[in-house]
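For ligands, and for the atoms within them, numbers begin at 1 and follow the listed sequence.
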Amino acid sequence: MKFFIDTANFNEIHEANALGILDGVTTNPSLIAKEGKPFKETIIAICKEVNGPVSSEVVAIDYEGMLKEGRDYATWAKNIVVKLPTTRDGIKACKQLTSEGIKVNMTLVFSATQALLCAKAGATYCSPFIGRLDDIAQDGMELIREIVVIYENYDYKTEILTASVRHPLHVVQAAMAGSHVATIPAKVIDQMFKHPLTDKGLETFLSDWKKANSK
Ligand code: G3P
């Protein structure tokens, strides 16, 4: 499973990239706004830092507006992926931008029907938001499992990008379900490293080593 980081924070991206396990980045208008820096500059800097796809979301909600923003973003860097909302206009714009050779990530996916539409429109990625489904007492991971079956049945090339990941168990479950990608916040990446038995074991190894060498 590919690991993307879900942030517009340059330091977080730089740190994750330095680990050597980062395959790409996803941003959204909320994440960009949180950083308080100019949008275009932020995206271009991220694209230079990471050797992998960087999703940049449009804010237009109409077809023509999405095409205009999407075509513009695509000129900023080679690794730009245009992120579009999964609406009627979004699906139509996905089909068009994809036919122009522009990669598209369809966002705010909350149902299997929406995921089918994304694949039919030729999206490179389809992003179901599992945490937000969990928030309303619907099993977000069940949606990932449904989409995996549907995409496999028809050999769709669209990759499932599990988004709205809130904790390490989401990452494990996404990997078990066969999601192609998980986009993970920096905090959750940190949590993935942690195991008390690793810390305890390391402490014991080092103290045993010290004792043996001080004799
Ligand atoms: O990748 C989508 C993500 O940014 C949304 O996450 O936690 O706001 O639902 P969240």
Side-chain angles (χ1 to χ4, degrees), residues 1-13 15-17 21-37 39 42-43 46-47 49-50 52-61 66 69-70 73 79-87 90-91 94 103-112 114-115 117-118 123-148 158-175 177-192:
M1 185 170 70
K2 285 178 244 180
F3 278 12
F4 290 1
I5 189 166
D6 195 26
T7 183
N9 181 284
F10 192 82
N11 292 336
E12 288 181 351
I13 293 166
E15 268 186 39
N17 203 25
I21 49 112
L22 192 65
D23 300 299
V25 179
T26 52
T27 66
N28 63 41
S30 308
L31 293 170
I32 297 276
K34 200 169 133 196
E35 297 309 311
K37 295 193 181 134
F39 173 50
T42 305
I43 295 291
I46 296 171
C47 286
E49 169 70 16
V50 176
V54 174
S55 289
S56 180
E57 189 161 342
V58 301
V59 286
I61 55 167
M66 287 186 202
E69 285 178 30
Y73 296 177
N79 47 344
I80 283 275
V81 175
V82 175
K83 209 172 175 191
L84 302 174
T86 308
T87 57
I91 289 292
C94 173
K103 290 192 170 152
V104 174
N105 175 3
M106 294 304 293
T107 191
L108 293 167
V109 169
F110 292 98
S111 73
Q114 289 177 316
L117 293 166
C118 295
T124 304
Y125 303 103
C126 162
S127 293
F129 275 33
I130 56 168
R132 292 191 193 183
L133 281 172
D134 291 353
D135 288 345
I136 57 159
Q138 281 187 28
D139 185 358
M141 206 46 69
E142 184 53 27
L143 174 60
I144 302 296
R145 288 190 284 267
E146 285 177 2
I147 303 171
V148 167
T158 301
E159 295 193 19
I160 303 163
L161 196 169
T162 298
S164 186
V165 164
R166 303 277 176 76
H167 49 70
L169 192 55
H170 274 153
V171 181
V172 173
Q173 290 172 331
S179 180
H180 303 91
V181 190
T183 189
I184 316 172
K187 183 183 146 225
V188 178
I189 295 179
D190 285 346
Q191 290 171 323
M192 289 171 67

Write down the atom of Gly70, the atom of Val82, and the distance for their closest heavy-atom approach.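 Smallest heavy-atom distance, with atoms named: O-CG2, 3.4 Å.
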
Mind listing the closest non-hydrogen atom pair of Ile147 and Pro128 along with its distance?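 Looking at all heavy atoms of both residues, the closest pair is CD1-CG, 3.6 Å.
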
Does a side chain donor of either Gln114 or Thr86 reach within less than 3.5 Å of an acceptor in the other side chain?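 Their side chains do not contain a donor-acceptor pair, so the 3.5 Å distance test is not met.
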
Considering distance alone, does some N or O of Ser164 sit under 3.5 Å from an N or O of ligand 1?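 Right, the criterion is met.
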
Based purely on interatomic distance, does Thr183 place a nitrogen or oxygen under 3.5 Å from a nitrogen or oxygen of ligand 1?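 In this structure, Thr183 places no N or O atom under 3.5 Å from an N or O of ligand 1.
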
Which atoms of ligand 1 have any heavy atom of Ala163 under 4.0 Å away?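 In order of number, 1 (O), 2 (C).
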
Please report which non-hydrogen protein atom sits nearest to [atom], along with the residue it belongs to and the distance in Å to one decimal place.
atom	value
atom 7 (O) of ligand 1	Arg166 NE, 2.8 Å
atom 8 (O) of ligand 1	Arg132 NH2, 2.8 Å
atom 4 (O) of ligand 1	Asp6 OD2, 2.7 Å
atom 2 (C) of ligand 1	Phe129 CZ, 3.3 Å

Can you confirm whether Leu169 is buried at CG, in the sense that more than 12 heavy atoms of other residues, nucleotides or ligands lie under 6.0 Å from that atom?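 Atom CG in Leu169 is packed in, count exceeds 12.
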
Could you check Ile184, Ile21, Val172 and say which one makes a side chain to side chain contact (heavy atoms under 4.5 Å, CB included) with Met192?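 The passing option is Ile184.
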
First locate atom CD of Glu57, then atom CG of Asn28, and finally report the distance between them rounded to the nearest 0.5 Å.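 Glu57 atom CD to Asn28 atom CG measures 5.5 Å (nearest 0.5 Å).
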
One residue to check: Asn28. Relative to ligand 1, which of side chain, backbone, both or neither has a non-hydrogen atom less than 4.0 Å away?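 Under 4.0 Å from ligand 1, Asn28 contributes side-chain atoms alone.
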
